Amino acid sequence: MSALKLYDTATRDIRDFQPLKKGEVSIYVCGATVQAAPHVGHIRSGVNFDILRRWLTASGYNVTFIRNVTDIDDKILHKAVHEEIPWWAVAMKYERAFALAYESLNVLPPTYEPRATGHITQMIELMEKLIENGSAYAPGNGDVYLEVRKLKSYLTLSNQKLDDLLPAGDADETYKRDPRDFALWKAAKPGDPSWPTPWGAGRPGWHLECSAMSHAYLGAEFDIHGGGLDLIFPHHENEIAQSQAAGYGFAKLWMHNAWVTTSGEKMSKSLGNSLQVMEVLKRVRGIELRWYLGSAHYRSMLEFSFEALEESATAFKRVESFLQRAKELIGAVPGAVIADEFAAVMNDDLSVPQGLALIAEWQRSGNTALTNGDSAQVSKFAGYIRGALDILGCDPFDPAYASNAGADLSAAVDGLIALLLEQREAARARKDFAAADSIRDRITAMGISIEDTPQGPRWSIN
RNA sequence: GGUGGAGUGGCCGAGAGGCGAGGCUCGGGACUGCAAAUCCCGCUACACGGGUUCAAAUCCCGUCUCCACCUCCA
């Protein structure tokens, strides 16, 4: 079996993945700032890292996967004013919206899902450490800053020079030793929530949260840190700065997913072109949206359109339909098998698009086997496909996608349709095609498709 | 100004020097009483201009266009 290779944003190359501890992988992914309902771009990130996690798990690693929730920040506070509810109610409302979106797309819950406000103690400890060793300073106004000039290295992830940065526009620099110094902690403003610290009451800066939480759950160094491309600077640079200034080894490998775009532009709330996950789920099922989001490589931009989404859903339905017929022929859900070829493409920096090409080949071969009634071959190809779909989180037999709705009805419906199909078969046998077609037309009008197969007619709900 | 990414057939989307990934759409065919489903065949593309090479979508030089980040971002 080939070895896993991953692209590292820090070194800008693809290299063999070597975990710090044999057989174990620790991952920290920057999750959502819960200030609005999730859009398609947010969920793409969730899906991409979920595929990584599933693949590592399938490869035999014991994976610890942390994805945080940023439940305090400026936008949440603004929203609280706007919606006239407490800030914590805003955070909980959208945290639940994210949880629902993740669940709808079968994104597995993280091993731990820490909230920023639950880790103030760890943040204060980290700041104490940084102030003690001279990396950070509290100028007395309640803020705490990291002094970037004192860092051994800074901006290595984004490959920038400190002097090339544009000056911050609106920042109050009265208390900063250098305009590029960034806030670890923000002094409380009247009316805003705050937590007491040795330097005054306030609330955490965004970057500090992730340094504190990754340390709390994964320790001083861990294998993979992930997030969206847009987090590289400043968020991830500043995390590195804080954590390394505290003496931590921090992340060994950086992975960044690309965006969902529309008309070539990044989908984002501030550009006003974002599409909420729940809106899209009115058009396609979660499993279909997930398949679509996986259809581009995680480091490539994905150009969103409903046309492409629906075409992608059509392709997925064909795969699904093959598996269903395979199950009917062999009389059981085909067992999932990871094919060597699939493992090879996944090990090559998670080349999902090439995995989809393999699925298409297996589907074609499998359909041919189905036509020939060759159940051994059908089992083989269906097993390969299920194995691949399981990694992609798109296995239609996964109980996560099962809907209980109408389960009691299905047996009754099956019996009724079977009765109609028997009558149609009888009509066909006596060559009364008008009667046969009339029955089929009426069934079709109910939204049910009829297919005549070598094993007899079968039906499915559109 | 700095840093990074992109331009591939009707649409989506891989590939990164050598036999045209794959899907969807569309056209043709096989099968079928007719459909549907399925299978087969076809639609021969890599922004532009040069160059290197036996061979370039892929390497080099130049040009154009677009996108992103530079302290809100998945």
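Only a predicted model underlies this, so the values are computations on that prediction, with no experimental measurement involved. Throughout, protein chains are lettered first and strands after them, A, B, ... in sequence-line order, and every chain is numbered starting at 1.
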Winner on side-chain proximity to A:N257, out of B:A74, B:C67, B:G2, is B:A74

Complementary nucleotide of B:C43, counting Watson-Crick and G-U pairs under 3.5 Å: none

Identify which nucleotide among B:A74, B:C72, B:U71 has an atom closest to any side-chain atom of A:D73, counting heavy atoms from C-beta outward. B:C72

For A:K431 and B:G33, what is the distance between atoms NZ and C1' respectively, to the nearest whole Å? 7 Å

Rounded P spacing from B:G28 to B:G51 in Å: 44 Å

In terms of the angle between their ring planes, are A:Y292 and A:F304 parallel, tilted or perpendicular, with boundaries placed at 30° and 60°? perpendicular

Assess the side chains of A:S158 and A:Q160: does a donor N or O sit below 3.5 Å from an acceptor N or O? yes

Rounded C1' spacing from B:G42 to B:A74 in Å: 42 Å

Sequence-aligned protein contact record of nucleotides 35-41 of chain B, with B where the base is within under 4.0 Å of a protein heavy atom and S where only the sugar-phosphate is: BBSSSS-

Between C1' of B:U3 and NZ of A:K161, the distance in whole Å: 9 Å

Give each protein N/O atom lying under 3.5 Å from an N/O atom of nucleotides 10-17 of chain B, with the pair distance.
from, atom 1, to, atom 2, distance (Å)
B:C11, O2, A:E311, OE1, 3.3
B:G13, OP1, A:E303, N, 2.9
B:A14, OP1, A:H297, N, 2.7
B:A14, OP1, A:S300, OG, 3.2
B:A14, O2', A:Q354, NE2, 3.4

Relative to the ring of A:Y154, is the ring of A:F182 parallel (under 30°), tilted (30 to 60°) or perpendicular (over 60°)? parallel

So does A:D437 reach the base of B:G33 with its side chain, donor to acceptor, closer than 3.5 Å? yes

If you assign A:H207 and A:D164 each to the RNA chain B nucleotide with the nearest heavy atom, which residue ends up on the more 5' nucleotide? A:D164

Using the P atom as the point on both nucleotides, what is the distance between B:C60 and B:C69, in whole Å? 28 Å

Return the value, rounded to whole Å, for the distance between atom CZ of A:F233 and atom P of B:G5. 17 Å

Within the structure shown, what part of the strands sits under 4.0 Å from A:A258 by heavy-atom distance: base, sugar-phosphate, or nothing? base

Contact class for A:V29 (heavy atom, under 4.0 Å): base, sugar-phosphate, or nothing? nothing

Find the distance A:N372:CG to B:A30:P and express it as a whole number of Å. 19 Å

Taking atom P in both B:A30 and B:C48, compute the distance separating them and give it to the nearest angstrom. 40 Å

Could A:K93 and A:E83 be called an ion pair, given the rule that one side-chain N must be under 4.0 Å from one carboxylate O? yes

Would you please classify the geometry between the A:Y384 ring and the A:F381 ring as parallel, tilted or perpendicular, with 30° and 60° separating the classes? perpendicular

Distance in angstrom units between A:D50 CG and B:A74 C1', rounded: 14 Å

Check RNA chain B against residues 30-45 of chain A and give the residues with a non-hydrogen atom under 4.0 Å, in numerical order. A:G31, A:T33, A:H39, A:G41, A:H42, A:S45

For nucleotides B:C12 and B:G2, find the distance between their P atoms and express it as a whole number of Å. 32 Å

Only one of A:Q276, A:K282, A:R283 clears side chain to side chain donor-acceptor pair (under 3.5 Å) with A:E279; which? A:K282

Does A:K75 get its side chain close enough to the base of B:C72, under 3.5 Å, for a donor-acceptor pair? yes

Any side-chain donor near an acceptor of the partner, A:R318 and A:T314, under 3.5 Å: no

What is the distance from NE2 of A:H82 to P of B:C72, rounded to the nearest Å? 21 Å

Give a yes/no answer on whether the side chain of A:N159 brings an N or O atom under 4.0 Å of OP1 or OP2 in B:U3. no

Nearest heavy-atom approach of A:D178 to A:R149 is OD2-NE, 3.0 Å

A:E288 side chain to A:S312 side chain, donor-acceptor N/O pair below 3.5 angstrom: no

Is a donor from one side chain sitting under 3.5 angstrom from an acceptor on the other, for A:S211 and A:S243? yes

Please measure how far the C1' atom in B:G17 lies from the corresponding atom in B:A36, and state the result in whole Å. 46 Å

Partner of B:G22 by Watson-Crick or G-U wobble geometry, both contacts under 3.5 Å, or none? B:C12

Look at the side chain of A:R180 and decide which nucleotide, out of B:U71, B:U3, B:C72, has an atom nearest to it. B:U71

Between A:D414 and A:W459, is any side-chain donor less than 3.5 angstrom from a side-chain acceptor? yes

Length of the CG-P vector between A:N238 and B:U71, whole Å: 11 Å

Could you tell me the Watson-Crick or G-U partner of B:G17, where both distances fall under 3.5 Å? Say none if there is no partner. none

Return the minimal non-hydrogen interatomic distance between A:H39 and A:S268, and the atom names on each side. NE2-CA, 4.0 Å

By the Watson-Crick or G-U definition, both distances under 3.5 Å, B:G4 is matched with B:C67

Distance-minimising heavy-atom pair for A:A258 and A:L229: CA-CD1, 4.0 Å

For A:F342 and A:W55, take the angle between the two ring planes, folded into 0 to 90°, and tell me which bin it lands in: parallel under 30, tilted 30 to 60, perpendicular over 60. perpendicular

Would you say A:K266 places a side-chain N or O within less than 4.0 Å of OP1 or OP2 belonging to B:C69? yes

For atom P, what is the distance between B:U8 and B:U58, given to the nearest Å? 14 Å

CE of A:M267 versus P of B:A68: gap in Å, rounded? 13 Å

Determine the Euclidean distance between corresponding P atoms of B:A47 and B:A21; express it in Å to zero decimal places. 15 Å

Mate of B:G49 where both pairing distances stay under 3.5 Å, Watson-Crick or G-U: B:C61

